[in-house]
Student: 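Handing you this structure, nothing more for now.
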2 protein chains.
Amino acid sequence: MVERLLQRIDREILAAGGKRSRCRAVVMEHFFRAGHHLTVEELTRNVRTAFPGIGGVTVYRTLKLLARMGYAKELDFGEGTRRYESNLSSHHDHLVCRECGAVIEFQDPRIERLQELVTRRHGFRPAAHRLEIYGCCRDCAAGGGRAGKR
Amino acid sequence: MVERLLQRIDREILAAGGKRSRCRAVVMEHFFRAGHHLTVEELTRNVRTAFPGIGGVTVYRTLKLLARMGYAKELDFGEGTRRYESNLSSHHDHLVCRECGAVIEFQDPRIERLQELVTRRHGFRPAAHRLEIYGCCRDCAAGGGRAGKR
DNA sequence: GTTACTATGAAAGTGAATTTCATGATCAGG
DNA sequence: CCTGATCATGAAATTCACTTTCATAGTAAC
Ligand SMILES: [Mn+2]
Ligand SMILES: [Mn+2]
Ligand SMILES: [Zn+2]
Ligand SMILES: [Zn+2]
């Protein structure tokens, strides 16, 4: 599954004048296999367990590249460091727990529709949007859940 | 109007063990009189026309203080630099034009309500949220409107 | 006024992200 | 295979917004 995806991306990079590289392949593989909402540092740590020599700069560059190509999405939960997620799943927004850092994804067509109406009312042509709700997740509200799932 | 507000804030600062200061007063006055969605640098430029000696650090500190006290709100439109707005008007979200930087405020109780429902469904206790829609404003879509109103 | 604070701003520090540059890897063409 | 040409890599340097430090100036309680 991920194999096919990586081949496709490699072909696309090649067509654009780039070259294959083992480092980048390893980074991409870990990125698409990992859970969502990773920081560059978290992903770098993961990758290094399998490929210790990897430079952090390469992880930065690979994620930027994937974002430019449309395969990754940059997220900003106001922590001061960016997070990335695969852009292959369908659009969704996020509930972010400020206690444990858990991130819950949700998708609500009614909200999306109302956003459409708002932009239309203002003659605004929307290209992207971000909706994040910050607060306290169920586990933390119940008293100290430390799931920490991103 | 702003006079009364500044007096109230000064009293609050005094009650918390702070002291009055001419610099801070000038910064606050310009902040509340200025249009919304200013960066620290923009506000500093404004203040300096009336008070050339002011240090940028003081503007940073004053805005942070106002945010802590609940009179200002920090915004992040993904530009890499924070913006601030007065927190005295009622809650609203933003349409942000990526061409000219114009910011349109909107408020939609139906969207707010649906957000409530989403959090409830996940047992999530919301504390804050951010909804920004990025795209192209009416003027820019019509071909080169350069309003640039923040 | 004296005293004990707080506020200020220049300079230094911080930290994420980007750029630079010398070196290594990849590939097309002979 | 070679051989260039070009791209990828990563350590180090740089950038940039923002924060902290610290000596000095301002403020207010006594
Ligand atoms: Mn997500
Ligand atoms: Mn606003
Ligand atoms: Zn939690
Ligand atoms: Zn515009």
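All chains are named by letter (A, B, ...) in the order of the sequence lines, taking the proteins before the strands, and each is independently numbered beginning at 1. Just the heavy atoms: all of them, side chains too, but no hydrogens, waters or symmetry mates, feed the values below.
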Student: Kindly give the heavy-atom pair with the smallest separation between A:V27 and A:L43, and that separation in Å.
Tutor: CG1-CD2, 4.2 Å
Student: Using the side-chain contact (heavy atoms from CB on, under 4.5 Å) definition, which of the options A:H30, A:E29, A:E42 pairs with A:V47?
Tutor: A:H30
Student: Output, in order, the C-alpha distance, side-chain angles, deciding distance and verdict of salt bridge (charged side-chain N to carboxylate O under 4.0 Å, His left out) for B:E132 and B:R130.
Tutor: CA-CA 6 Å; B:E132 286 128 27; B:R130 56 184 295 181; 2.9 Å; yes
Student: Just to be sure I understand the geometry, which residues of residues 62-74 of chain B put a non-hydrogen atom under 4.0 Å away from DNA chain D?
Tutor: B:K64
Student: May I ask you to evaluate whether A:R82 reaches the phosphate of C:dT18, defined as a side-chain N or O under 4.0 Å from OP1 or OP2?
Tutor: yes
Student: Tell me the interatomic distance from B:Y60, atom OH, to C:dA11, atom P, rounded to whole angstroms.
Tutor: 17 Å
Student: Starting at CG of A:D76 and ending at P of C:dA16, how long is that distance when rounded to a whole Å?
Tutor: 14 Å
Student: I'd like to know if the side chain of A:N87 reaches the main chain of A:G70, judged simply by a donor and an acceptor atom lying under 3.5 Å from each other, with no hydrogens or angles considered.
Tutor: yes
Student: Side-chain atoms of residues 106-115 of chain B: list all donor-acceptor pairs with protein atoms under 3.5 Å, sequence neighbours left out, distances to 0.1 Å.
Tutor:
unit_1: B:D108; atom_1: OD1; unit_2: B:R110; atom_2: N; d: 2.9
unit_1: B:D108; atom_1: OD1; unit_2: B:R110; atom_2: NE; d: 3.3
unit_1: B:D108; atom_1: OD1; unit_2: B:I111; atom_2: N; d: 3.4
unit_1: B:D108; atom_1: OD2; unit_2: B:R110; atom_2: NH2; d: 3.3
unit_1: B:E112; atom_1: OE2; unit_2: B:H91; atom_2: NE2; d: 3.1
unit_1: B:Q115; atom_1: OE1; unit_2: B:H129; atom_2: ND1; d: 3.2

Student: Check every nucleotide of DNA chain D for an atom under 4.0 Å from a heavy-atom of chain B, then give the first and the last such nucleotide from 5' to 3'.
Tutor: D:dA17 to D:dA28
Student: Using a 4.0 Å heavy-atom cut-off across all strands, classify B:G80 as base, sugar-phosphate, or nothing.
Tutor: sugar-phosphate
Student: Between B:G53 and B:G17, which residue's closest nucleotide on DNA chain C lies nearer the 5′ terminus?
Tutor: B:G17
Student: Mind checking whether A:H92 and A:H36 have parallel, tilted or perpendicular rings, split at 30° and 60°?
Tutor: parallel
Student: Side-chain donor-acceptor pairs under 3.5 Å in residues 49-65 of chain B, sequence neighbours left out?
Tutor:
unit_1: B:T49; atom_1: OG1; unit_2: B:N46; atom_2: O; d: 2.6
unit_1: B:T62; atom_1: OG1; unit_2: B:T58; atom_2: O; d: 2.7
unit_1: B:K64; atom_1: NZ; unit_2: B:E74; atom_2: OE2; d: 2.6

Student: Roughly how far, to the nearest 0.5 Å, is the OG1 atom of A:T119 from the CZ atom of A:F124?
Tutor: 8.0 Å
Student: Produce a footprint string for nucleotides 24-30 of chain C: one letter per nucleotide, 5' end first; B if the base is under 4.0 Å from any protein heavy atom, S if only the sugar-phosphate is, - if neither.
Tutor: --BS---
Student: Verify side chain to side chain contact (heavy atoms under 4.5 Å, CB included) between A:R20 and A:L14, making sure each step is shown before the conclusion.
Tutor: CA-CA 7 Å; A:R20 258 180 287 268; A:L14 222 65; 3.9 Å; yes
Student: Identify, with sequence neighbours excluded, every residue that meets ring-ring contact (aromatic ring centres under 6.0 Å, His included) alongside B:H122.
Tutor: none
Student: Looking only at heavy atoms, which two atoms of A:D10 and A:M28 are closest? And how far apart?
Tutor: OD1-CE, 4.1 Å
Student: Judged by each residue's nearest nucleotide on DNA chain C, which is more toward the 5′ side, A:V40 or A:R61?
Tutor: A:V40
